[in-house]
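For reference, the structure discussed in these notes is given below.
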Amino acid sequence: MCIPVLVQLQAYGKCPWNVTHPIPGVSCSLLDAPLRYRTVKRLGIPDSNIILMLADDIACNARNKFAGSVYAEAGRHLDLYGENIEVDYRGYEVTVENFIRLLTGRVDPSAPRSKRLLTDDHSNVFVYMTGHGGNEFLKFQDQEEISAFDIADAFEQMWQKKRYNEILFMIDTCQANTMYSQFYSPNILATGSSQIKENSYSYENDNDIGVSVIDSYTHYVLKFMEGINKTSQTSMQDLFDSYDPVKIYSHPGIRSDLFRRPLDKTLITDFFGGVAQAEVFPLQDIVGSSDHHHHHENDFTPPTSRKPDAPSVLVVSSMTVISHPRLTGETHEWDNWWKEVRKWTSIFVIGCLVSCVSFMR
């Protein structure tokens with residue numbers, strides 16, 4: 001069973017309220033991660049399978065004119081915060097160290113379940129990152145950076161520790177495509193918003209708060225995603241074909257040499273949707289194991305590699321339970337015999353009770 005899991009990181013802290021980039025309109029938007037969060041929840045991924053990391057509490061920032069709310073567009077028709085958003089890491093919890101520990105499973109033993117990435121080798125993991133970046137680096141809190149080598153090594157540790165089945169890595173930042181240039185682990189599909197020496201630009205500004213609210217790349221990807229539902233057969237190739245450098249103002253990139261499946265056969269819902277794929281076992285394998293099941297009924301473990309505490313679905317125990325077929329002839333004979341025993345036992349008990357009452361009188 002493939003268990004989609006989402007890790008979303010918005011790495012800049014003070015940046016949105018103090019844009020100092022020398023090129024007007026350069027990407028530094030507030031809502032890229034919350035918008036992606038809304039999309040995957042709409043497609044069925046529960047919060048238990050989403051790790052959302054926001055470096056700035058945008059909704060409660062003193063510069064936010066609309067306290068407690070974050071809107072997707074200048075018209076303010078959709079509040080992305082509302083009552084349903086769950087932020088797992090916020091503010092100064094969003095560090096390079098915490099991000100790497102999250103991916104590799106090396107979090108503090110006291111960390112709650114909501115701050116852990118509970119995946120295994122049946123899990124599809126979607127990692128989305130946005131913020132200020134450059135050639136093979138992304139800034140955290142304007143104080144530290146994570147490099148393409150750091151992420152590549154973290155993914156390799158995940159592979160060695162059987163923490164994923166497939167990874168979709170998506171990043172929206174300046175020179176974004178350089179961030180996946182060092183990947184070397186199998187089953188990773190990567191895409192980014194801009195080439196080396198190329199900026200990633202914002203789509204729309206909100207004059208009331210004085211900053212851009214969404215990047216062009218993220219805007220057009222999410223616009224494409226609005227036409228997707230849980231049962232959609234749209235492929236990753238369809239998404240990549242929708243990229244338009246003229247509208248996005250940059251050249252998005254794709255890296256698929258590490259990915260084993262054809263892109264036109266890989267559904268978007270394999271990463272963005274809460275749709276599980278069940279493993280089907282041949283009937284003869286099930287029947288063949290029935291004798292072993294009867295002898296070791298108390299020790300039976302379903303044939304799956306998932307751990308008891310692994311998340312189930314995007315993302316609940318994804319244990320595959322096998323029901324063994326009953327042998328109808330033996331079962332029917334046994335049931336008839338048991339019914340006769342219960343009938344005569346009941347008659348005997350009633351007779352004893354009647355005799356006792358008569359004797360007492």
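Not measured: the values here are computed from a predicted model.
Between Y217 and Y243, the gap from one ring centroid to the other is short of 6.0 Å.
Between the side chain of N199 and the main chain of Y201, no donor-acceptor pair closer than 3.5 Å is present. With hydrogens and angles ignored, the 3.5 Å screen pairs no side-chain donor or acceptor of T269 with any backbone N or O of F272. Between the K230 side chain and the G273 main chain, no donor and acceptor come within less than 3.5 Å of each other. Using modelled atom types, no side-chain atom of T191 and backbone atom of I254 make a donor-acceptor pair closer than 3.5 Å. Although no hydrogens or angles enter the test, the distance criterion places a donor-acceptor pair under 3.5 Å between the side chain of S194 and the main chain of A176.
Under the side chain to side chain donor-acceptor pair (under 3.5 Å) criterion, D241 pairs with Q237, sequence neighbours left out. Every residue two or more places apart in sequence or in another chain that forms a side chain to side chain donor-acceptor pair (under 3.5 Å) with N229 is listed here: T231. With sequence neighbours left out, K162 forms a side chain to side chain contact (heavy atoms under 4.5 Å, CB included) with D121. Legend: residues meeting side chain to side chain contact (heavy atoms under 4.5 Å, CB included) with F224, ordered by chain and number and at least two apart, are I228, T234, D238, L239, S242, I268. Partners of Y89 under the side chain to side chain contact (heavy atoms under 4.5 Å, CB included) rule, at least two apart in sequence or in another chain, are I51, M53, E93, V94, N98, L102, V107, K115. In this structure R101 satisfies the salt bridge (charged side-chain N to carboxylate O under 4.0 Å, His left out) test together with E97, sequence neighbours excluded. Residues satisfying the side chain to side chain donor-acceptor pair (under 3.5 Å) test with S193, not counting sequence neighbours, are D172, S200. Under the side chain to side chain donor-acceptor pair (under 3.5 Å) criterion, S185 pairs with E156, not counting sequence neighbours. Taking the side chain to side chain contact (heavy atoms under 4.5 Å, CB included) definition, one finds that E86 meets it with Y37, D47, sequence neighbours left out.
Rounded to the nearest 0.5 Å, atoms CZ (R113) and CG (D88) are 12.0 Å apart. I248 CD1 to S250 OG: the interatomic distance, rounded to the nearest 0.5 Å, is 6.0 Å.
Partner F271 forms a side chain to side chain contact (heavy atoms under 4.5 Å, CB included) with one of I45, N124, V40 and no other, that one being N124.
I350 belongs to a hydrophobic cluster with V354, counting contacts under 4.5 Å between side-chain heavy atoms of Ile, Leu, Val, Met, Phe, Trp and Tyr, direct or through other members. Think of W344 as one node in a network of Ile, Leu, Val, Met, Phe, Trp and Tyr side chains linked at under 4.5 Å; its network also takes in I347.
The aromatic rings of Y180 and F169 lie perpendicular to each other, with more than 60° between the two planes, well past the 30° mark. Between Y220 and Y203, the two ring planes are perpendicular [angle over 60°; tilted spans 30° to 60°].
The list of salt bridge (charged side-chain N to carboxylate O under 4.0 Å, His left out) pairs with a residue in residues 249-259, not counting sequence neighbours, reads R255-D257.
Inter-residue side-chain proximity for L258 and F155 is flagged as unmet; no heavy-atom pair is nearer than 4.5 Å. With contacts defined as side-chain heavy-atom distances shorter than 4.5 Å, the pair Y184/D153 qualifies. When side chains are defined from C-beta on, L103 counts as touching L117, because their heavy atoms get closer than 4.5 Å. Proximity of Y164 to I167: side-chain heavy atoms (C-beta onward) are separated by under 4.5 Å at one or more points. Put simply, the side chain of M179 reaches to within 4.5 Å of the side chain of L138, judged on heavy atoms. You'll find the side chain of Q141 reaches within 4.5 Å of the side chain of Y92, heavy atoms only. Looking at H219 and K247, their side chains never come closer than 4.5 Å, going by heavy atoms from C-beta outward. Side-chain atoms of N177 and I196, non-hydrogen and from C-beta on, never get closer than 4.5 Å to each other.
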Determine, stepwise, if the pair T95 / E144 fulfils side chain to side chain donor-acceptor pair (under 3.5 Å).
-> CA-CA 8 Å; T95 64; E144 57 179 346; 4.6 Å; no
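Judged by distance alone, the side chains of Q195 and Q175 never bring a donor and an acceptor atom under 3.5 Å apart. Checking Q157 against R163 by side-chain atom types alone, no donor-acceptor pair falls below 3.5 Å. A donor-acceptor contact closer than 3.5 angstrom is absent between the side chains of Y249 and D215.
Contact record, H122 with N165: C-CB, 3.8 Å, taken as the closest heavy-atom pair. A pairwise comparison of heavy atoms in I100 and A154 identifies CD1-CB, 3.9 Å as the closest pair.
Within a 6.0 Å sphere centred on CZ of F149, other residues, nucleotides and ligands contribute 12 heavy atoms or fewer.
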